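Comments concern the structure below.
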Amino acid sequence: MKQKDFKEKVYKIVKQIPKGEVLSYKKVAEKAGESRAWRSVGKILAKNKNPQIPCHRVVRLDAGVGGYNKGFQKKIFLLKKEGLIIKKGKIKSSF
DNA sequence: CGTATGACGTGCA
DNA sequence: GTGCACGCCATAC
């Protein structure tokens with residue numbers, strides 16, 4: 001099953017996300033080579049227990065924060081610390 | 001191997 | 001603008 005590469009790619013891509021920037025689940029899947037597997041991206045990150053992966057920088061296409069296995073507010077807190085503006089669980093600005 | 005799931009996305013009322 | 005239902009593909013059991 002080469003799909004394993006997909007997961008590893010997702011991890012690597014998410015880890016390559018620069019500070020202050022965010023990528024959508026679909027974008028990550030696209031970079032992983034499976035733009036149709038953005039569904040699994042969220043699940044992979046959900047099962048991800050690796051703190052080395054800034055999964056909090058992965059958001060919805062709708063700029064929604066989405067979720068976080070460490071806590072929804074935790075993700076918002078981290079993003080805000082990165083300089084992003086979160087409004088009602090949505091990214092107001094990326095500058 | 002098959003079934004169920006999931007941090008989603010899109011469409012329609 | 002909000003809410004519900006379907007689809008979609010990899011992962012977990």
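Quick note: numbers below take in every heavy atom, side chains included, and nothing from hydrogens, waters or symmetry partners. The model shown is predicted, which means the values in this text are computed figures rather than measured ones. Each chain gets a letter, A, B and so on, in the order its sequence line appears, and its residues count up from 1.
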Keeping [X] on the side-chain end and [Y] on the backbone end, is there a donor-acceptor pair under 3.5 Å?
X	Y	value
A:Lys9	A:Lys31	no
A:Lys49	A:Lys47	yes
A:Ser40	A:Lys43	no
A:Asn69	A:Asn48	yes

Whole-Å distance between [N] [atom2] and [X] [atom1]?
X	N	atom1	atom2	result
A:Asp62	C:dG3	CG	P	14 Å
A:Lys43	C:dC13	NZ	P	9 Å
A:Lys7	C:dC9	NZ	C1'	15 Å
A:Tyr25	B:dT10	OH	P	14 Å
A:Trp38	B:dA7	CH2	P	13 Å
A:Arg36	B:dG9	CZ	P	17 Å
A:Leu79	B:dA7	CG	P	17 Å
A:Lys26	B:dG6	NZ	P	21 Å

Quick check for you: among [options], whose closest atom lies nearest to any side-chain atom of [X]?
X	options	answer
A:Asn69	B:dA7, C:dC9, C:dT11	B:dA7
A:Cys55	C:dT11, B:dA7, B:dT10	B:dA7
A:Ser40	C:dC9, C:dA12, B:dA7	C:dC9

Side-chain contact test, heavy atoms from C-beta onward, threshold under 4.5 Å: evaluate it for A:Glu82 versus A:Glu21 and give yes or no.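 No, side chains not in contact.
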Across the strands shown, which category fits [X] at heavy-atom distances under 4.0 angstrom: base, sugar-phosphate, nothing?
X	result
A:Lys75	base
A:Ala37	sugar-phosphate
A:Leu45	base

Could a donor-acceptor pair under 3.5 angstrom be found where the side chain of A:Lys47 meets the base of C:dT11?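 Per atom types, no contact qualifies.
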Does a nitrogen or oxygen in the side chain of A:Lys70 sit under 4.0 Å from OP1 or OP2 of B:dA7?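 No, A:Lys70 has no side-chain N/O under 4.0 Å of OP1/OP2 on B:dA7.
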